[in-house]
2 protein chains.
Amino acid sequence: MGKPLIPGKTIYRLSIYHRCLRRLTENAMETVSSSALAKAAGVNPSQLRRDLGYLGTFGTRGLGYPIGELSDAIREVLGREHLQPVILVGVGNLGAALLRYQGFQKEGFEVIAAFDAVPDAVVTRGIEVPVHDVDLMRDFITQNEVKLAVLSVPVEHAQEVTNELVEAGIQGILSFSPTVLMVPETVTVISVDLALELEQVSFFVKRDGEPAPEVPEDKIVP
Amino acid sequence: MGKPLIPGKTIYRLSIYHRCLRRLTENAMETVSSSALAKAAGVNPSQLRRDLGYLGTFGTRGLGYPIGELSDAIREVLGREHLQPVILVGVGNLGAALLRYQGFQKEGFEVIAAFDAVPDAVVTRGIEVPVHDVDLMRDFITQNEVKLAVLSVPVEHAQEVTNELVEAGIQGILSFSPTVLMVPETVTVISVDLALELEQVSFFVKRDGEPAPEVPEDKIVP
DNA sequence: TCGTGTGAAGACGTTCACAGCT
DNA sequence: AGCTGTGAACGTCTTCACACGA
């Protein structure tokens with residue numbers, strides 16, 4: 001069947017719009033125009049209308065979009081009607097910080113457990129999530145039907161742990177390892193490579209004060 | 001003048017290639033073919049050749065690319081011949097983890113100082129970088145001619161701190177705040193939004209075990 | 001023969017511009 | 001008048017396919 005697929009980039013922006021809409025709701029607003037929401041999200045109004053077009057017809061010409069309905073529609077498309085349980089593997093510097101980080105909760109994700117090769121060595125100050133030995137990971141995943149994992153193990157163990165995750169049934173991985181992970185086509189991996197992002201910034205900073213040569217579309221916030 | 005500009009996405013991949021090349025150098029290799037390097041970097045060989053084409057003509061037909069020369073050429077284009085000093089602002093959970101994180105150093109960045117509104121409250125275990133009061137930030141930036149900053153303050157202070165950074169002369173910001181930062185055109189901002197990335201993964205995880213509907217090009221690692 | 005370099009085609013994403021509804 | 005929805009133009013990125021050098 002022909003699918004009315006939504007482009008990946010649109011999905012990303014829908015998440016942004018969703019967050020903006022939430023702030024508007026708190027301010028007891030009822031409708032937004034494409035130009036207002038676009039400004040808040042840092043995109044072109046035309047692009048916003050195109051993106052929202054993928055959801056169906058929501059706006060009222062001359063008026064704008066109903067915030068509540070729009071927000072619900074986005075949440076449904078993103079598949080975020082229900083809480084998604086997440087596990088985190090690798091409770092080192094970064095992993096521990098991510099466990100203390102409140103941002104995932106705010107966006108509706110619950111990190112229900114963490115795993116580490118040496119859980120006893122983990123400094124659990126400020127961490128409320130239980131940290132187990134990585135040997136227990138597989139059973140935990142199957143028993144709790146966890147689909148999402150955050151991977152923050154050292155790069156040299158990344159592929160190995162990924163294989164375990166995949167075998168246990170994980171279907172999506174947010175990886176912080178600076179390496180290319182091999183996974184079956186059915187598994188989604190998104191990599192956040194901190195050093196690489198810094199390198200991007202560095203490139204666009206000219207040494208002699210001239211303006212940046214080009215705009216890296218996605219990530220730039222005008 | 002007509003500029004032979006390198007596309008933003010190519011810049012990003014050049015960083016990846018550079019890292020892969022380093023690993024090859026360690027293994028005492030002298031040349032690579034586009035297909036081998038492409039495989040390591042997780043991209044299409046054609047794309048790799050096109051990307052390297054922006055650097056000039058390096059490869060030898062029938063043989064491949066000389067690793068050393070290629071690596072140097074990329075480093076030059078990326079402007080990474082010399083160490084770039086970086087400061088970090090906001091030493092909370094995430095900020096502290098980033099200070100302990102070795103990945104920036106590995107990629108040739110030196111975090112020379114950190115700033116926080118309440119530096120005394122910061123747990124500096126394992127942190128070698130000095131943490132100063134944010135009041136000292138401005139002078140530090142001007143005196144040390146720092147161009148790059150990592151921003152990991154709470155979202156409600158992000159814009160305010162950004163303004164200070166920009167006024168002090170910072171030209172590139174790697175931000176971890178889930179918000180749109182307003183900066184002059186001369187300043188580059190790249191945002192890493194952790195919750196949004198997790199939301200991306202979540203979307204591509206189907207609830208009924210069918211394969212992912214589409215590939216988010218950039219981030220996916222095949 | 002092997003593998004680069006590149007014109008040309010194709011896929012994709014963004015923006016314009018305006019018709020049409022309220 | 002104000003603002004959405006969308007065809008069409010435009011620009012960018014990716015991939016193909018093959019000529020050519022080693």
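These numbers were taken from a predicted model, which means no experiment stands behind them. Per chain, numbering begins at 1; letters A, B, ... match sequence-line order.
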For dG5(C), does either OP1 or OP2 sit under 4.0 Å from a side-chain N or O belonging to Y54(B)?
no
Check this one for me: any side-chain N or O of S34(B) less than 4.0 Å away from OP1 or OP2 of dG3(C)?
no
Hey, does G64(A) reach any base, or is it just sugar-phosphate, or nothing, if we go heavy atoms under 4.0 Å?
sugar-phosphate
Mind checking if S35(A) touches a base, just sugar-phosphate, or nothing, with heavy atoms under 4.0 Å?
nothing
Using whole Å, report how far [atom1] of [X] lies from [atom2] of [N].
X      : N       : atom1 : atom2 : answer
L52(B) : dG3(C)  : CG    : C1'   : 13 Å
Y65(A) : dC21(C) : OH    : C1'   : 13 Å
L55(A) : dG5(D)  : CG    : C1'   : 13 Å
L37(A) : dG5(D)  : CG    : P     : 13 Å
L48(B) : dT4(C)  : CG    : P     : 8 Å
Y12(A) : dG13(C) : OH    : C1'   : 17 Å
E69(A) : dT4(D)  : CD    : C1'   : 15 Å

Protein proximity profile, nucleotides 15-22 of chain D - base contact B, sugar-phosphate-only contact S, no contact -, cut-off 4.0 Å on heavy atoms:
BBB-BBBS
Tell me yes or no: between the side chains of T179(A) and S177(A), is some donor less than 3.5 Å from an acceptor?
no
Side chains of Q47(A) and D51(A): donor-acceptor distance under 3.5 Å anywhere?
no
Please indicate whether Q105(A) has more than 12 foreign heavy atoms, meaning atoms of other residues, nucleotides or ligands, lying under 6.0 Å from its CD.
yes
Should we say atom CD of E156(A) is surrounded by more than 12 heavy atoms from elsewhere, each under 6.0 Å from it?
yes
Interface residues of residues 14-24 of chain B with DNA chain C (non-hydrogen, below 4.0 angstrom):
none
Under 6.0 Å from the ring centre and within 45 degrees of the ring axis: does the NZ or CZ of R138(B) meet both conditions for the six-membered ring of F115(B)?
no
Decide side-chain hydrogen bond (donor to acceptor under 3.5 Å, both in side chains) for N163(A) and Q159(A); before the verdict, give the C-alpha distance in whole Å, the side-chain angles of both, and the deciding distance to 0.1 Å.
CA-CA 6 Å; N163(A) 295 346; Q159(A) 183 62 59; 2.8 Å; yes
The complete set of salt bridge (charged side-chain N to carboxylate O under 4.0 Å, His left out) pairs with one or both residues in residues 16-32 of chain A, sequence neighbours excluded, reads R19(A)-E107(A), R19(A)-D193(B), R22(A)-E107(A)
